[in-house]
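Naming: A, B, ... by sequence-line order, numbering from 1 per chain. Just so it is clear, the structure is predicted and the values come from calculations on it, not from any experiment.
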Amino acid sequence: MKLETYDILILGAGHAGSEAAHIAASFNLRVGLLTLPDVPIASAPCNPSIGGVGKGQVVREIDALGGIMGKIADLSGIQYRTLNESKGAALQSTRVQIDKDIYAKKMEEELQKVKNLSIIRAKVKKIHRIESEYLIETEAWSYRTKRLIVTTGTFLNGVLHCGSEVAEGGRIGADPTDGLSQIFEGIQILETRFKTGTPPRINKDSINFQKLEIQPSDDLVNNFHWNHYSSKNDRNLLQVPCYLTYTNKDTLSIVRENKEKSPMYNGQIRATGARYCPSLEDKAYRYVDKNIHHVFLEPEGLELNTYYPSGISTSLPKEIQQKFVRTISGLEDAIIEQYGYAVEYDVVDTTQLDFTLQMRNLPGLYFAGQVNGTSGYEEAAGQGFIAGANAALSLLEKDPLILSRHDSYIGVMIEDLVTEKRDEPYRLFSARCENRLMMREDNSFTRMYSYRKKMELNDQIDHYHESRRIEVEILQNLIDVKTSAGDTLRIGEVLKQPTLDPVVELQKFLEAADLNFRMDVVREVAISQKYAGYIAKANVDHARSNSKTNLKISAINLEKILKSNNISFECKQRISQYRPQTFEQLQKIPGLRPVTVAVIAAERI
Amino acid sequence: MDFNELPNFDLRHTIFALITPPGTSAVAVVRISGKRANFYSLCAYIPKLPDCLNHPRKSLLVDFFKNNSIILDNVLAVYFPSPASFTGEDVLEISFHGNMLIVEQALAMLSCIENFRHALPGEFSFRAFRNGKMDLLELERLSIRLNAKSETMLDFASRLNKVDLNEILMTLRINSMRHRAAIEMLIDFSEDVDEEHTFLEICSTWNNLYHALSKLFRHNTIGKSWFIPQIVLFGQTNAGKSTLFNLLLQEKRSIVSSIPGTTRDYVSQTVNFEGETFELIDTAGIRDSQDIIEQEGMDRSRKLLEDSFFKILVMPPDSKNQDFEGRKFDLLLESFSKETVINEKIGRFNKDSGFEELSFVFKLAKRKLKDAFSGGEEVYLAQKFKNILESLKPYCHTYDSYIKNKYDIAILDQEFRSIETLLQKISADYEVNEVMNYIFSNFCIGK
Ligand SMILES: Cc1cc2nc3c(=O)[nH]c(=O)nc-3n(C[C@H](O)[C@H](O)[C@H](O)COP(=O)(O)OP(=O)(O)OC[C@H]3O[C@@H](n4cnc5c(N)ncnc54)[C@H](O)[C@@H]3O)c2cc1C
Ligand SMILES: Nc1nc2c(ncn2[C@@H]2O[C@H](COP(=O)(O)OP(=O)(O)OP(=O)(O)O)[C@@H](O)[C@H]2O)c(=O)[nH]1
Ligand SMILES: [Mg+2]
């Protein structure tokens, strides 16, 4: 058999695998990406959208770390929205509807452009561990690699259900693959299998759009990728609307009448689904009094002739799907192009992984994405990035890249994954993070700065990081001192007014002063200022909780503090006057701004 | 018990201890807590143990062997499987015949088993706390019961169980968790739920919580010194405090002299009076003095007075100065007097009178104790809780106004976190997962 060797091999070119391959290759290592021939790269088997509450933050974190999900989302984006728009700047998230064909195509193009990266289309049959390396077998070739990242999504022992029809496979139309245990001995999987499902796709021409509520794209939303930021938010593709309709009593009655035909309720499926992602069956049987549920009709692509009806995921038999869909307003004549189905699959026990997503007892082997029991493209991509970067860093014998749960959604996710056993598919909620006023979309670059730097790469994005950081700092200093014309309040205080929109206020102020800053910088500084008090408090709380893990007695680096750009002149003066040795001593210095203490605690300088 | 400074109890061990008072009594109960699997080591002593383990909560009469042939005692054994046991772990309780010789042998035999050890003081409670069987409040209550030195206090502790404080705290916890759920719902699932409806949910859950808290704000506290109620003798120098102290104790405990400023530091002694235990305290007299030590002594006197349960002002005869330093007293006593007047407000005593005549002092203190604890529905909170409640007040007040003014949810979220942090100190904590469970099981979320 023919043999090839790689530094890093990634198994599965889904959202996790693509991101892992992209970052791993940027370390100048020989990287291979192995994936099934009949599945498009980074395909979206479920809803055609990227981002959302919590998830938008992940996409921007990936972007600021040098990943590609945000870029591809922009290139294929056909509708932008801001979620939580009415709820204050801190909790807003971006979501973009993507053209799923273009998404897959652009991802493939992008990966092909990457130096040192080869895409290999073949089904993996067997994996062996030989000494400290891995040997991967496909039909025709064998591959040897020092680091292996498994990102096979729902393909491990995947079983598809549509009514009583049962088939093997990770998703409709793809070749089935064997279970992890068959491909690889010695991997611990969870006892419970997980389950996810998808709704039927509706033929565009069969929808009566007149009857539906329209949801247009929002021009004000900032693009995901930093290199696409522009004042006019120029989009790459034509923007199209989504539509909203509702289920009704008839819809739910049909589902309820056919309970015994539902694989999830008649015992055919035993796996656990996510409660935050209920199928229409769940909604019908669990909330017996509720008949009206949202159905969002989302275009799957500009050229594609299908709509994705978000909210009616189902695995009922085809004829019942057809029947209930047609009770929905606007879908009376709907033609189903592809029926809904559910998939059951195996999941790795992630408590076996370390913070770099490496199997603790099998060094060199990493897992990322849905195979780890998460659901969602963004979660998969975030893990892929961490696994890819760390596989490369460990090979180069550099320090690992570990994101803290205190300053990133990715950090929250990874810590949750490796410290707790999953009992249902994991999705990021903002509720999972303790510091969400600080973990915003607008400041993702500031939050990711030191992480990106740690990887010691030298790319376009690194220059952008530096220049943006300086601009943020200048504006920050400016609002600390400047008083807006004719106003008795300092602009810094104005921005904190609970009833004012800080971004609008800061823009007005800058216009009056004839100053020009990048819009994303203005946004970040304005919002940070508005919530500064709360963020500092959260940081101090964090520092306090850290004191258990001896932050309190940890030595501080005076020199670094005195050089730091984040600390005001007065505070530096005070610090140099007292010359504290430990963090605790520093905390006791009278008149030190809490923010300063927090900054020092957070950066542990 | 300070639960911030819990000793490092090792949870992996099976622990045991005698839980009935030592001494000769009808039965002596030994509690063993740990994992069922480890109990099988006991089969060497109790061959019939598997029967017990297979019949939870049934008491079985079994033999406890000393060695292969000699029976140490015929015991009753009951098995309480986790989580429905005192500690929340698997628990085995063995009732021996109350002969201490037997029990001591049995305890010694138990400690021979690998990974079995005698429980440290408070360790059963600690495990119970860890396993969520008790919240801090229940532990406090338990400590009142364990520390209660007087009949009244014991009676009080047992009544605490009836006035179900725990219920009040559960209400707090549930309401707080529901409020948290409403906030999370508005943030994470704004697309799935109706915003207006969710905001109403935020308001109503907060109102419930605030209402429950406001009720608690009004409750009284029991100070630490009340466990053994302190009776403090206070007054100016040379008023006759030490003399009275000695008389009440019927011994010459404190130095008496005609030199003002004789007592420099306080002197205390516990006394038993008709089933109640009091701590009687003689303090340094008050006068203008430049002496640093004397000043310190006077500060201590004032501090003791403040925390004390029953306050007595001792005055020289015909003193006009009835409200000393503007303080309130339970009893004013005038020394150097011929008659003895027993009055709730004013008493006089004769230097030569015996203890009999003076015992009214204790009677009054006892009456106050009974009155204090017979407040019917009244809930008494330990000082620690009262302190937490006090610090909650301003937060709740601000938060309430923020809600009424419909502040930015990000700010509400953050402000509520401060309240939650404080609440967590008095009733058990909840985790994100529980909040999520609540949301998912009560609201239809998701697409
Ligand atoms: C039917 C369905 C419904 C879903 N519904 C939702 C939802 O409602 N909400 C939500 O958030 N998420 C949903 N998801 C999940 C979301 O699609 C995934 O979380 C995300 O795509 C996971 O990305 P990944 O990179 O981990 O895996 P995938 O994108 O699944 O990629 C796996 C890759 O592994 C490759 N592969 C597998 N086995 C082999 C092999 N033996 N040899 C070579 N290559 C192999 C495949 O070619 C594929 O490219 C759904 C997924 C499915 C399939
Ligand atoms: N005749 C008479 N003398 C008393 C009486 N009580 C106390 N004395 C005397 O008053 C003097 C002071 O009494 P102490 O009991 O030492 O007074 P004190 O209040 O403890 O004084 P300091 O410790 O200095 O604050 C002593 O000489 C006592 O003998 C009393 O009832 N009758
Ligand atoms: Mg004296």
Response to the item:
Cut-off 4.5 Å, heavy atoms of chain B, and the answer for A:C46 is neither
Discussion item. Looking at A:R436 and B:D413, is any side-chain nitrogen of the basic one under 4.0 Å from a carboxylate oxygen of the acidic one?
Written reply: yes
Worksheet item: Considering residues, nucleotides and ligands other than B:H211, do more than 12 of their heavy atoms fall under 6.0 Å from its NE2?
Response: no
Discussion item. Using every non-hydrogen atom in the two residues, find where A:N435 and B:R417 come nearest and quote the distance to one decimal.
Written reply: N-NH1, 4.4 Å
Worksheet item: Nearest heavy-atom pair of B:L186 and A:N84: which atoms, and what distance?
Response: O-OD1, 3.7 Å
Practice prompt. For atom CG of B:L200, decide whether the heavy atoms of other residues, nucleotides or ligands shown that lie under 6.0 angstrom number more than 12.
Written response: yes
Worksheet item: So do B:Q414 and A:I535 actually touch side chain to side chain, heavy atoms under 4.5 Å?
Response: no
Discussion item. Quick check on B:Y395: does its OH atom have over 12 non-hydrogen neighbours (other residues, nucleotides or ligands) under 6.0 Å away?
Written reply: no
Worksheet item: Is there a side chain to side chain contact (heavy atoms under 4.5 Å, CB included) between A:Y531 and B:I411 once you walk through the steps?
Response: CA-CA 8 Å; A:Y531 300 105; B:I411 292 180; 3.7 Å; yes
Discussion item. Out of A:R286, A:K530, A:H294, A:K290, return the one with the most heavy atom pairs under 4.5 angstrom to chain B.
Written reply: A:H294
Practice prompt. Give a yes or no on this: more than 12 heavy atoms of other residues, nucleotides or ligands lie within 6.0 Å of atom CD1 of A:I214.
Written response: yes
Worksheet item: With respect to chain A, which residue among B:D408, B:D188, B:I183 yields the maximal number of heavy-atom pairs within a distance under 4.5 Å?
Response: B:D188
